[in-house]
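Take a look at the structure below.
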There are 2 protein chains.
Amino acid sequence: MIKNDIALAIEKKTDFNRAKAMSIVEAVLESLKTALTGREKVEIRGFGSFKVVAKKTGFGRDIRRQKQIRIEKGQRIKFRPGQELKTLLSKPKSA
Amino acid sequence: MIKNDIALAIEKKTDFNRAKAMSIVEAVLESLKTALTGREKVEIRGFGSFKVVAKKTGFGRDIRRQKQIRIEKGQRIKFRPGQELKTLLSKPKSA
DNA sequence: ACTTCGATGATCAAGAACGATATCGCCTTG
DNA sequence: CAAGGCGATATCGTTCTTGATCATCGAAGT
């Protein structure tokens, strides 16, 4: 699924045209981006939650030279599915 | 940030009332849920991607009794932030 | 539809997360 | 506003994941 597919879904659920649906989808995504950029935790009941956590992993691998390389620490986004989503995933795909 | 906050953002970006904005947000989330439930990969450029992967972890811990417990295998959702989001997170919070 | 630019995949090592359950906080709803 | 239900947390072991880089596929835009 890509952004366009989501816009299509909105288009069906509302009376907007594709362009408008798309802009709405982007607005939602941008809201999430803004929140996460501010390192704010995003919690959506029934769907899941995004949390920004400091990452401590400090090593990586350079494939060309096959040697370890130092990696700067940074931020990571942790996504945890909510109960509903977990339940849905527990079912055999074609539920 | 919670669902209501996202609806607020939509409310500002459009001319909808809170209720309509909320229903739209839910429509977006439901689209994502549907896709993920079907084990479909969701890829949104600039934001991130969700991928459903089979988890093999098979052991856990019961806190009360402090003993190992068997854990059924299942599905996990992996979220990977896109380049834009990663870039934003690299900046010192109050960019 | 085509072009462009981004995302994925692979690798190796080390660090991190997940897993269940009980409790508390807090989001959600009437 | 109050009540209800869901989500987060902690524990400890095991497994997985990240991390960068290059090529390729695919998403997004024209």
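Scope of the values below: all heavy atoms of this structure, side chains included, with no hydrogens, waters or symmetry mates. Chain A is the first sequence line, chain B the second, and so forth, proteins listed ahead of strands; every chain is numbered from 1.
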task: Kindly say if Lys78(A) contacts the phosphate of dA17(C), meaning a side-chain N or O under 4.0 Å from OP1 or OP2.
output: no
message: Starting the side chain at C-beta, find the nucleotide from dG19(C), dC6(D), dA8(D) nearest to Gln83(A).
response: dC6(D)
- prompt: Atom CD of Gln75(A) and atom P of dG15(C): how far apart are they, to the nearest Å?
  reply: 18 Å
- prompt: Looking only at side-chain N and O atoms, does Lys51(A) come under 4.0 Å of OP1 or OP2 in dT9(D)?
  reply: yes
- prompt: To the nearest Å, how far apart are Ile77(A) CD1 and dA7(C) P?
  reply: 12 Å
message: Side-chain heavy atoms nearer than 4.5 Å, only ILVMFWY residues, links allowed to pass through others: does that put Leu85(A) and Phe79(B) together?
response: yes
Test applied, side chain to side chain contact (heavy atoms under 4.5 Å, CB included); reference residue, Glu30(A); option that passes from Val28(A), Leu32(A), Thr34(A): Thr34(A)
message: Using a heavy-atom cut-off of 4.0 Å across all strands, would you classify Arg76(B) as base, sugar-phosphate, or nothing?
response: sugar-phosphate
Protein-nucleic acid N or O pairs under 3.5 Å, nucleotides 24-30 of chain D:
{"unit_1": "dG26(D)", "atom_1": "N2", "unit_2": "Arg45(B)", "atom_2": "NH2", "d": "2.3"}
{"unit_1": "dA27(D)", "atom_1": "N3", "unit_2": "Arg45(B)", "atom_2": "NH2", "d": "3.0"}
{"unit_1": "dA28(D)", "atom_1": "OP1", "unit_2": "Arg45(B)", "atom_2": "N", "d": "3.2"}
{"unit_1": "dA28(D)", "atom_1": "OP2", "unit_2": "Lys3(A)", "atom_2": "N", "d": "3.4"}

message: Is any side-chain heavy atom of Ile24(B) closer than 4.5 Å to one of Lys13(A)?
response: no
- request: Select one nucleotide: of dT9(D), dG9(C), dT17(D), the one nearest the side-chain heavy atoms of Arg80(A).
  value: dT9(D)
field: DNA chain C: 5'-proximal contact among Phe79(A) and Phe47(B) (nearest heavy atom)
entry: Phe47(B)
field: Test item: Glu11(A) side-chain N/O and Ala21(A) main-chain N/O as donor-acceptor pair under 3.5 Å
entry: no
message: Which heavy atom of Ser31(B) sits nearest to which heavy atom of Met1(A), and what is that distance?
response: O-CE, 3.6 Å
message: Does dC6(D) have its OP1 or OP2 closer than 4.0 Å to a side-chain nitrogen or oxygen of Lys86(A)?
response: no
message: Run the ring pair (Phe, Tyr, Trp, His ring centres under 6.0 Å) test against Phe16(A) and tell me which residues pass, sequence neighbours left out.
response: Phe16(B)
query: Whole-Å distance between dT18(D) P and Leu89(B) CG?
result: 15 Å
